[in-house]
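Report on one structure; see the data block that follows.
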Amino acid sequence: MAQQFTPEQHSVRLLKVGEQVRHVISEILTRQQVRDATLSAHTVSVTEVRMTPDLRVANVYVKPLLGEDEEIVLKALRTHTAYFQREVAQRLRLKFAAKVQFRADESFDEASRIDALLNDPRVKRDLEGEPSED
């Protein structure tokens with residue numbers, strides 16, 4: 001009989017498993033356990049892992065240091081997807097091996113764009129408010 005989770009427990013489980021997957025992939029990259037010249041030449045941050053509700057797909061968000069050669073790094077990571085999937089499955093001993101999908105983390109770019117908008121003189125003027133005339 002399958003164990004039933006409340007929505008809150010299910011959500012927490014997704015976050016926990018995602019964090020465990022992030023930790024495993026980060027460790028593999030940090031220790032340079034993948035034999036790849038591109039990955040050895042770049043420092044790659046695994047910023048987040050989002051698991052699907054059935055825990056069968058792990059969307060892994062990565063960002064190379066300073067955002068350099070992002071497409072090249074993503075291609076190298078995707079080339080070694082099978083290795084990452086095998087390592088995650090072995091180290092976490094999950095019922096099903098999650099399919100790993102590498103994606104570029106756009107959150108830093110989005111944050112920079114929002115910051116630039118907020119620092120625009122016209123927006124600052126509107127945020128500060130104009131003095132009321134009484």
Side-chain angles (χ1 to χ4, degrees):
M1 188 167 150
Q3 184 178 4
Q4 296 297 317
F5 293 104
T6 66
E8 294 80 15
Q9 289 171 325
H10 190 71
S11 177
V12 169
R13 178 157 167 73
L14 290 176
L15 291 172
K16 281 183 179 179
V17 173
E19 188 58 24
Q20 289 173 331
V21 172
R22 188 188 73 77
H23 185 68
V24 168
I25 293 175
S26 293
E27 185 177 315
I28 291 168
L29 291 171
T30 301
R31 294 184 178 181
Q32 295 186 354
Q33 294 173 326
V34 179
R35 307 266 186 253
D36 187 284
T38 301
L39 296 177
S40 296
H42 292 83
T43 301
V44 181
S45 294
V46 181
T47 56
E48 183 181 9
V49 175
R50 292 186 194 153
M51 302 298 298
T52 57
D54 61 2
L55 297 175
R56 291 188 185 234
V57 178
N59 290 302
V60 181
Y61 293 89
V62 296
K63 190 76 169 174
L65 187 65
L66 305 175
E68 293 178 356
D69 302 326
E70 189 169 75
E71 286 304 315
I72 294 168
V73 170
L74 274 173
K75 184 177 179 185
L77 288 167
R78 289 172 179 154
T79 300
H80 300 286
T81 297
Y83 174 77
F84 285 105
Q85 286 175 184
R86 193 168 48 252
E87 287 298 310
V88 167
Q90 286 176 354
R91 294 183 192 193
L92 298 184
R93 295 184 180 103
L94 296 172
K95 187 174 182 179
F96 299 102
K99 182 178 181 202
V100 175
Q101 296 179 343
F102 290 100
R103 301 180 186 282
D105 186 348
E106 305 294 336
S107 61
F108 295 103
D109 300 331
E110 185 66 14
S112 295
R113 189 184 72 76
I114 291 170
D115 195 44
L117 283 173
L118 291 174
N119 286 321
D120 183 288
R122 294 169 293 181
V123 173
K124 275 189 172 185
R125 180 190 69 221
D126 291 343
L127 289 175
E128 291 171 0
E130 296 179 18
S132 60
E133 296 177 25
D134 287 322

Examine the side chains of Q20 and R22 and answer whether a donor and an acceptor come within less than 3.5 Å of each other.
->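 The answer is no; no qualifying pair exists.
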
Is there a donor-acceptor contact under 3.5 Å linking the side chains of N59 and R50?
->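 Per modelled atom types, N59 and R50 side chains form no pair under 3.5 Å.
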
Return yes if some donor-acceptor pair links the side-chain N/O of [X] with the main-chain N/O of [Y] below 3.5 Å, else return no.
X	Y	answer
T38	V73	no
Q85	V100	yes
D36	L39	yes

Find the distance between CD (E48) and CG (L15) and round it off to the nearest 0.5 Å.
->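 Separation between the atoms: 9.0 Å.
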
Sidechain N-carboxylate O distance under 4.0 Å for E70, K63 |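 Judged by the 4.0 Å cut-off on N to carboxylate O distance, E70 and K63 do form a salt bridge.
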
Could you tell me whether R31 and E27 have a side-chain N and a carboxylate O separated by less than 4.0 Å?
->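 Here R31 pairs with E27 in a salt bridge, since their nearest N and O are under 4.0 Å apart.
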
Any side-chain heavy-atom pair from [X] and [Y] closer than 4.5 angstrom?
X	Y	result
R91	I28	yes
S26	V46	yes
V57	M51	no

Check whether [X] and [Y] end up in the same hydrophobic cluster, where Ile, Leu, Val, Met, Phe, Trp and Tyr are linked by side-chain heavy atoms less than 4.5 Å apart.
X	Y	result
L77	Y83	yes
L29	L92	yes
V24	L14	yes
L74	I25	yes

More than 12 foreign heavy atoms under 6.0 Å from NE2 of H80: is that the case here?
->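 Correct, the count exceeds 12.
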
Search all heavy atoms of Q101 against all heavy atoms of R103 and return the closest pair with its distance.
->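 So the minimum-distance heavy-atom pair works out to OE1-NH2, 2.9 Å.
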
Closest heavy-atom contact between V49 and G18?
->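 Where V49 meets G18 most closely, the heavy atoms are CB-O, 3.3 Å.
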
Do F84 and F102 make the cut of ring centroids closer than 6.0 angstrom?
->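 Yes, the ring centres sit under 6.0 Å apart.
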
